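Structure first, commentary second.
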Amino acid sequence: MIAFEPTEDQRLMQQAVAEFAKATLLPRTRELEHARGVPEDIRRTAHEMGLGLVTAPEAAGGQGQGLVTSVLIEEELGAADAAAAFGLAGPGAFGRAVIELDGPERAAELLAGFADEGGWDRFGAVAWSEPAPCRTHEGFATRAERIDEGYRITGKKAFVGNAALADRFVVFAQVEPDRGWGGIGAFVVRRDNPGLRAGERHKTLGLDAASFGEVVLEGAVVREADRLHGDGSEEGFTRAALRFFVKHALVVAARAVGLARFAFDLAREHCDTRVAFGKPIGHFQAVAFTLADRAMDVETSRWLVWKAAAAWDAGLHEREALLASARAAAHAFEATMRTADDCVQLFGGSGFIRDLVAEKLMRDAKQLMLAAPTAEQLDQLASAIELGQKLDPALVLPTPDTQAIFT
C-alpha cells in the first residue's frame with residue numbers, strides 16, 4: 001500500500017513554492033513570454049530557494065529529496081507558468097540523466113557548481129533528439145568514434161532544452177552502428193569544448209520562456225571518463241536511460257497538472273461570472289458537464305503522478321514503477337491538453353484573443369506533450385510491460401524514428 005499524504009516538510013515546501021509562483025511568476029507570465037526567457041531576478045530567487053536542486057545529491061549541494069517532493073513543487077510552478085518552470089536555472093534533465101546513467105556518487109562530481117552562489121545562471125542540458133531519423137542504420141546519426149584520447153563526437157542534435165544556455169551536456173551518440181539502438185552511448189560534453197557549439201534556437205508553438213535549440217558537434221573530443229556507462233551492460237544502459245526518461249516525464253507531467261489546474265480554475269471562474277439568458281453560463285448543462293469532466297481530469301492526473309512518484313520513492317519493483325509512471329504521464333499530458341482546449345472553448349471568441357491567458361495555456365499544453373516521451377510512446381512502454389515483453393530500446397525509448405521529443 002502506498003501512502004500519498006505529503007509530510008509536513010513537503011507541505012511547507014509546497015506552500016512556499018506556491019507563494020513564490022503566485023507572487024513572482026503569475027503576474028509576469030506575458031513578460032516572460034515576450035522576453036523568451038526568465039530574467040535574472042527570478043532565477044536568483046528560485047536558486048536561493050533551492051528549486052533547481054531538490055532531487056540533486058546532498059554531496060553536490062542539493063537537497064536529496066525524492067520524486068514526490070519534486071512533483072509537488074513542479075505542480076505549483078506549472079499552476080503559475082509552466083513555461084517559466086523550464087527556464088529556471090539548475091541541472092534539470094542533465095542532473096536526472098547523470099544520476100540514472102552513472103549513479104549518485106558520479107553525479108555529485110558532475111553537478112559541482114550548481115549549488116554555488118553563481119548557480120542562478122548555470123544550466124545543464126540533455127541532447128537526445130535529432131532533426132530526422134537516421135537513414136543508414138538504426139540508432140543515431142550523431143557518431144562517437146573511438147580514438148586514442150577517448151571519443152570524437154560528430155553530428156547535430158535538435159530540440160535540446162537550454163541548448164544556448166547550458167555549460168554542460170549529456171550527449172547521446174552512436175558508438176557501434178551495427179548494433180542499432182543497442183550500440184548507443186552517453187557522454188558528458190562541456191560548453192568550452194572547441195568541438196561543440198549551440199545552433200539555431202527553435203521557434204516553438206508554446207513554452208516561449210523556455211529555450212530549445214540545436215547543438216552542433218564538430219569533432220568534439222571527450223575522454224573515456226566522460227562516457228556514462230550505467231552498469232556496463234547493454235541492458236543496464238537501456239534500463240538506466242529508460243528510468244531517466246520516465247522520471248523526467250513525471251516532472252514534466254507534474255507541470256502539466258499545474259497547467260491543467262490553472263486552465264480549469266480560469267474556465268470555472270469565467271463560467272461563474274459570464275451571464276447569458278439571465279444566468280451564469282456554468283448553469284447550462286453542456287457547460288457544467290464539460291467543467292465536471294475537466295475537474296476529473298485534473299484530479300486523476302494529480303493522483304496518478306503522485307502514485308508513480310511514490311512508487312519510486314518507496315523502492316517498488318522497477319517494472320511496477322515504470323508502469324505507474326508511463327500511465328501517469330500519458331494520462332496527464334492528454335488530460336492537460338483537453339483541459340486547456342476546453343478552457344479556450346468555454347471563453348468563446350475571447351479565448352482566441354491574446355489579451356487573455358487562455359490561448360497561451362492551450363499552446364503551452366500542446367508543447368508540454370512533446371517535452372518528454374509522448375503519450376503514445378508512454379502507452380507503448382506500458383503495453384510492453386503489461387505483456388511481459390523484453391524492454392527493447394527500439395521499442396521503449398523515444399527514438400526519432402517514432403517522434404522527436406524536447407529534452
Side-chain angles (χ1 to χ4, degrees), residues 11 14-35 38 42 71-87 205-209 253-306 331-369:
R11 286 193 179 280
Q14 182 185 32
Q15 182 180 352
V17 174
E19 292 172 356
F20 159 76
K22 289 176 183 177
T24 307
L25 300 182
L26 186 58
R28 300 173 67 177
T29 294
R30 289 299 192 186
E31 174 193 336
L32 306 188
E33 180 183 29
H34 295 150
V38 179
I42 294 178
V71 298
L72 289 171
I73 288 173
E74 296 293 346
E75 180 183 331
E76 297 305 326
L77 295 174
D81 188 351
F86 286 88
L205 174 70
L207 302 182
D208 290 291
R255 293 172 185 170
V257 173
L259 189 154
R261 201 176 90 195
F262 185 177
F264 173 77
D265 289 343
L266 190 68
R268 182 182 58 186
E269 180 182 5
H270 174 71
C271 294
D272 280 346
T273 56
R274 174 76 167 87
V275 175
F277 303 104
K279 60 182 178 181
I281 61 173
H283 292 194
F284 293 98
Q285 188 178 76
V287 174
F289 283 6
T290 298
L291 287 172
D293 287 342
R294 299 297 75 81
M296 288 186 282
D297 272 341
V298 174
E299 288 299 308
T300 54
S301 297
R302 174 185 293 115
W303 287 107
L304 284 172
V305 168
W306 284 22
H331 177 73
F333 293 150
E334 293 181 337
T336 297
M337 189 65 238
R338 288 193 295 267
T339 307
D341 185 39
D342 278 344
C343 177
V344 169
Q345 193 69 31
L346 291 169
F347 268 91
S350 61
F352 293 85
I353 305 299
R354 292 208 172 190
D355 289 345
L356 298 177
V357 76
E359 58 82 29
K360 178 184 184 299
L361 296 179
M362 184 175 70
R363 289 186 290 107
D364 285 354
K366 192 64 176 178
Q367 187 76 30
L368 274 169
M369 295 181 76

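Heavy atoms only: backbone and side chains are in, while hydrogens, waters and symmetry mates are out. What you see is a predicted model, and the numbers here were worked out from it, not measured in a lab.
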* Asked: What distance do L291 atom CG and M296 atom CE have between them, rounded to the nearest 0.5 Å?
  -> 11.0 Å

* Asked: Do you know which two heavy atoms are closest between A84 and L25, and how far apart they sit?
  -> CB-CD2, 4.0 Å

* **Nearest non-hydrogen partners of A332 and V305, listed with the distance** => CB-CG2, 4.3 Å

* Structure fact -> dist R268:CZ -> T273:OG1 (nearest 0.5 Å) comes out at 12.0 Å

* **F347 and E359, any side-chain heavy atoms less than 4.5 Å apart** => no

* Report the C-alpha separation of L72 and W306 in whole Å, then their side-chain angles, then the decisive distance to 0.1 Å, and conclude whether the side-chain contact (heavy atoms from CB on, under 4.5 Å) test is met. => CA-CA 8 Å; L72 289 171; W306 284 22; 3.1 Å; yes

* Asked: Minimum heavy-atom separation for L207 to A82, with atom names?
  -> CD2-C, 4.2 Å

* Asked: How many angstroms lie between atom CZ of F352 and atom CD of Q345, to the nearest 0.5 angstrom?
  -> 5.5 Å

* If you measure from the Lys or Arg side-chain nitrogens to the Asp or Glu carboxylate oxygens, is any gap between D341 and R338 under 4.0 Å? -> no

* First locate atom OG of S301, then atom CZ of R261, and finally report the distance between them rounded to the nearest 0.5 Å. => 12.5 Å

* To do: Would you indicate whether Q14, at its atom CD, is surrounded by more than 12 heavy atoms from other residues, nucleotides or ligands within a distance under 6.0 Å?
  => yes

* Salt-bridge criterion met for R363 and D208 (N-O under 4.0 Å) -> yes

* Would you check, one step at a time, whether the test salt bridge (charged side-chain N to carboxylate O under 4.0 Å, His left out) holds for R28 with D81? => CA-CA 9 Å; R28 300 173 67 177; D81 188 351; over 6 Å; no

* Looking only at heavy atoms, what is the nearest atom pair of A340 and L259, with distance? -> CB-CD2, 4.2 Å

* Pair K360 + E33, salt bridge at N-O below 4.0 Å -> no

* Between CG on residue L361 and CG on residue L368, distance to nearest 0.5 Å -> 10.5 Å

* Asked: Can you find a heavy atom in the side chain of L77 that is under 4.5 Å from one in the side chain of F20?
  -> yes

* Evaluate the side-chain proximity of F284 to K279: yes if any heavy-atom separation is below 4.5 Å, no if none is. => yes

* Would you please test H270 and I281 for side-chain contact (heavy atoms from CB on, under 4.5 Å) and show each step? => CA-CA 9 Å; H270 174 71; I281 61 173; 4.1 Å; yes

* Side-chain contact, heavy-atom cut-off 4.5 Å: L266 with L356? -> no

* Under the side-chain contact (heavy atoms from CB on, under 4.5 Å) criterion, do D293 and D342 qualify, and how do the steps go? -> CA-CA 10 Å; D293 287 342; D342 278 344; over 6 Å; no

* Asked: In terms of heavy-atom contacts, does CD of E269 have more than 12 from other residues, nucleotides or ligands at under 6.0 Å?
  -> no

* side-chain contact (heavy atoms from CB on, under 4.5 Å) between D297 and H331, worked out -> CA-CA 9 Å; D297 272 341; H331 177 73; 4.1 Å; yes

* Asked: What are the two closest heavy atoms between A267 and L346, and how far apart are they?
  -> CB-CD1, 4.0 Å

* Structure fact -> Nearest heavy-atom contact between A358 and C343 is CB-SG, 3.9 Å

* Asked: Going from OG1 on T336 to CD on E334, what distance comes out if it is rounded to the nearest 0.5 angstrom?
  -> 10.0 Å

* Asked: Are any of the side-chain nitrogens in E76 or R11 under 4.0 Å away from the carboxylate oxygens of its partner?
  -> no

